[in-house]
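Worksheet for the structure shown next.
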Amino acid sequence: MADIAPPASTPLRVRNLTRRFGRNTVLHGLELDLAPGSFTALLGRSGSGKSTLLRTLAGLDPAPAEAVLDLPRPVSVVFQEPRLLPWKKVWQNVALGLGGGDARGRAARALEEVGLGRHLEAWPATLSGGEAQRAALARALVREPRLLLLDEPFAALDALTRIRMHSLVLDLWRHHGPTTLIVTHDVDEAVLLADRVLVLDGGRIAADLTVDLPRPRRHADPGFATLRRRLLGELGVDLQEAA
Amino acid sequence: MPDTQAAVAPRALTEKTLRVPTEKLPRVVIPARLRRFLSPLALVLLWQAASMAGLISPRTLAAPSTVLASAWELVLSGELPSHLLVSLGRVLVGLGIGLSAGVALALIAGLSKRGEEVVDAPMQMLRTLPFLALVPLFILWFGIGETPKIALVALGAAFPVYLTLFAGIRGVEPKLVEAAQVFGLDRRGLVRHVILPGALPSALVGLRYALGSAWLSLVIAEQINATAGIGFLINDAREFLRTDVIVVGLLVYALLGLGADALVRLAERRALAWRPTLVKG
Ligand SMILES: Nc1ncnc2c1ncn2[C@@H]1O[C@H](COP(=O)(O)OP(=O)(O)OP(=O)(O)O)[C@@H](O)[C@H]1O
Ligand SMILES: [Mg+2]
C-alpha cells in the first residue's frame, strides 16, 4: 500500500508525569517523546503502569498539575476488549459520537476498510472475537485520530487471527498515519510491528530500542532474534529459559 | 457465544426426552404445546362432573358451565364491560402516576450523587413497608372515593420500577461508559446512548413486577367500599351467594394480569432485540 499518510501533526511530549494510587507510585517523573506518525510498542511487567500511562494519554485519568502533556489530538483508543455497545448495531457503534455529516457513510467506509463491510447491520453479540476487535479498530480510525492508543488489543485473540490483525493494523497505520502507541506483553509482536520499543519499569521508560528492520518483518530475519533477546533481557527474563 | 449454547441446550434436551414416549404410543400424537393444556382441561372436566353429580354445591363453587353462562350474560347486559372499564381506568391512571414517579426518582437517584443521597435512603426505607398495610391510613387521608384506590395502585407500581431502574443505571458496565467518553460523548450523550439503554433490561423486569403489583393493589383497593369495578362485582356477588359471578370476576383479573404480562414481554422482545439469547432464537 502506498504511503499516503496525511500531513503529520504535533509530536507527543510528556514530562514529569507522576501517578500515585495511595502509597503506590506507579508512574514516577515519566518522560516520553514520540515522533509524529511513528509506531511505538510499550512493554513492561504486569502492573508496571502501562495501562495507567495509556489512560492518562487518552484523557481518561486526570493528569497531575505539575506534569507537562503535549498530545496530538484527536485521540482514539482500542482496548483489550472491544467495548462495543451491545444495543447498537455495528455501524452505529462505529458512528458513535461522530460529528459532521454522513456519519453512516463514514462508518460504513471504515468498516469496509477492516473487512466488515457485510456486518454493518449486525448486533455486536453476533460477531466473533476477531470481528468485534476489528469493529473496535474501525471505530477508532473513523475519527481520523492523530494519536492512536492500543492497550493489548490482540491479547484475547487466537494466534491466527492475531497474525491477520497485525497486518491489518500496519496497513491502517500506513494509510492514516497516526502516532501509534501499542501496549503488548508479546515481545515478538512488539518487534514485528513497531519502529521503536520502550520498556516501562520503576515508573519510567527504562529502555528504548530502535527496530531497524525492513518491513514486512519475519521471525526468521537476522536482526529479529538479537532484538528479541535484548528486550527479554530488559524485561528480566532469563535467556536460557526463554530460548 | 457460550451463553446461547447454554440457553439452547436444555431445550433440545427436553424435546428429545419428550419425544420418546410418543413414539411408543401408536397413532395418538399430540403436539407438545397442546399437551401442556391437557391436565388443566382434565381438572375443569372433573370439576364439571363433580358439580353435575351434586358433589360440589353451587353455594360453594358454581359449575364451569354456569360460570360460562353467567359470564356471557354479564357481557350481554353490559355489566361486565362497564365494571371492567372502571377497573382498567383505575389501573391505567395509577400506573401512569406510579411509573412516572418511579422513573423520575430513579433518574434523579441514579444519575447524580446528590440525588442518590436525597432520594435513595427514604425509598429504601419505605420499600420495606408492606404497602398494602397502608390502606387504613389512605382511607383516613383520601376518604373512600377513587383517590385511595388510585394511590394504592400508584404506590404498588412505583417501587419496583424505582428499584430496578436505579440498580440498572448503577449496574451499567463502567468500561462501556469509559469507551464512549473517549469517543467524545458528553454527559447527555452518555445518558442517552449508554446509561439508559444499559439500564433498560433491568427496568423492563421492574415493569413486569410493577404491573403484577398494580393488579394486586387494584384487587385490594376495590375491596374499599367500591360502587363500581370488578372488585365491586365480586363483593356484590358474595352478598347474593353468586359463586358463578365471583369466579367470573377472578377470571377477569387473571386474564388482565396475563394480558399485561404478554404486553411487557412483547415490549421486551422488541426493545432488547440485541441480546445474545434473543439474537439467534
Ligand atoms: N484505579 C486504581 N486504583 C488503585 N490502584 C490502581 C488503579 N489502577 C491501577 N492501579 C495500580 O497501578 C498499578 C499499575 O496498573 P496498570 O493497570 O497500569 O498496570 P499494567 O502495566 O497495565 O499491567 P498489565 O500488564 O497487567 O495490564 C497496579 O499495581 C495497579 O494495582
Ligand atoms: Mg494493562
Side-chain angles (χ1 to χ4, degrees), chain A residues 51 54-62 73-90 92-100 103 107 110 119 121-129 131-133 135-145 147-151 153, chain B residues 1-9 110 113 164-165 167-207 266-281:
Chain A
S51 296
L54 236 66
R55 293 174 53 83
T56 311
L57 298 181
L60 283 171
D61 278 349
R73 284 291 187 261
V75 60
S76 279
V77 186
V78 178
F79 302 94
Q80 181 170 346
E81 334 77 38
R83 300 200 189 181
L84 302 172
L85 300 176
W87 44 85
K88 291 199 180 283
K89 304 226 160 124
V90 169
Q92 291 172 320
N93 263 287
V94 174
L96 188 73
L98 265 193
H119 293 80
E121 298 287 340
W123 296 114
T126 64
L127 298 182
S128 73
E131 287 168 344
Q133 203 55 316
L137 258 179
R139 180 178 59 180
L141 285 166
V142 77
R143 280 140 245 272
E144 291 295 339
L147 177 60
L148 177 61
L149 304 171
L150 305 124
D151 194 352
Chain B
M1 281 276 132
D3 288 353
T4 22
Q5 273 170 6
V8 165
K113 200 81 212 145
T164 52
L165 182 55
I169 289 174
R170 285 304 160 91
V172 170
E173 175 66 71
K175 287 180 167 182
L176 291 182
V177 176
E178 204 170 61
Q181 265 171 331
V182 174
F183 295 117
L185 286 200
D186 55 9
R187 177 96 190 127
R188 274 183 63 189
L190 278 181
V191 170
R192 178 162 159 229
H193 295 293
V194 186
I195 296 176
L196 290 186
L200 190 62
S202 164
L204 281 174
V205 172
L207 181 61
L266 192 75
E268 263 179 5
R269 201 164 282 226
R270 304 195 118 217
L272 306 182
W274 49 268
R275 282 193 149 187
T277 42
L278 293 179
V279 161
K280 285 175 188 159

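Chain letters run A, B, ... following the sequence lines, proteins first and then strands; every chain starts at 1.
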Where is the tightest heavy-atom contact between A/Ser76 and B/Phe183, given as atom of each residue plus distance? OG-CE2, 3.8 Å
Is A/Leu96 in contact with chain B via its backbone, its side chain, both, or neither, using a 4.5 Å heavy-atom distance? both
Is it the side chain or the backbone of B/Glu178 that comes within 4.5 Å of chain A heavy atoms, both, or neither? both
What heavy-atom pair brings A/Gly97 and B/Leu185 nearest, and what distance separates the two atoms? CA-CD2, 3.6 Å
Given a strict heavy-atom distance threshold of 4.5 Å, which part of A/Gln92 is in contact with chain B: side chain, backbone, both, or neither? neither
Test: salt bridge (Lys or Arg N to Asp or Glu O under 4.0 Å). Region: residues 184-195 of chain B. Which pairs qualify, not counting sequence neighbours? none
Heavy-atom distances under 4.5 Å only: say whether A/Arg83 touches chain B with side chain, backbone, both or neither. both
Nearest heavy atoms of A/Trp87 and B/His193, plus distance in Å: NE1-O, 2.7 Å
Do A/Phe79 and B/Lys175 come close enough that some side-chain heavy atom pair is under 4.5 Å? no
Minimum heavy-atom separation for A/Leu84 to B/Leu176, with atom names? O-CD2, 3.6 Å
Counting only non-hydrogen atoms closer than 4.5 Å, does A/Lys88 touch chain B with its backbone (N, CA, C, O), its side chain (CB onward), both, or neither? side chain
Verify the neighbour count for atom CZ of A/Arg73: are there more than 12 heavy atoms of other residues, nucleotides or ligands below 6.0 Å? yes
Of the backbone (N, CA, C, O) and the side chain (C-beta and beyond), which part of A/Arg55 lies under 4.5 Å from a heavy atom of chain B, both, or neither? side chain
Residue by residue, which of residues 194-201 of chain B have a heavy atom closer than 4.5 Å to a heavy atom belonging to chain A? B/Val194, B/Pro197, B/Gly198
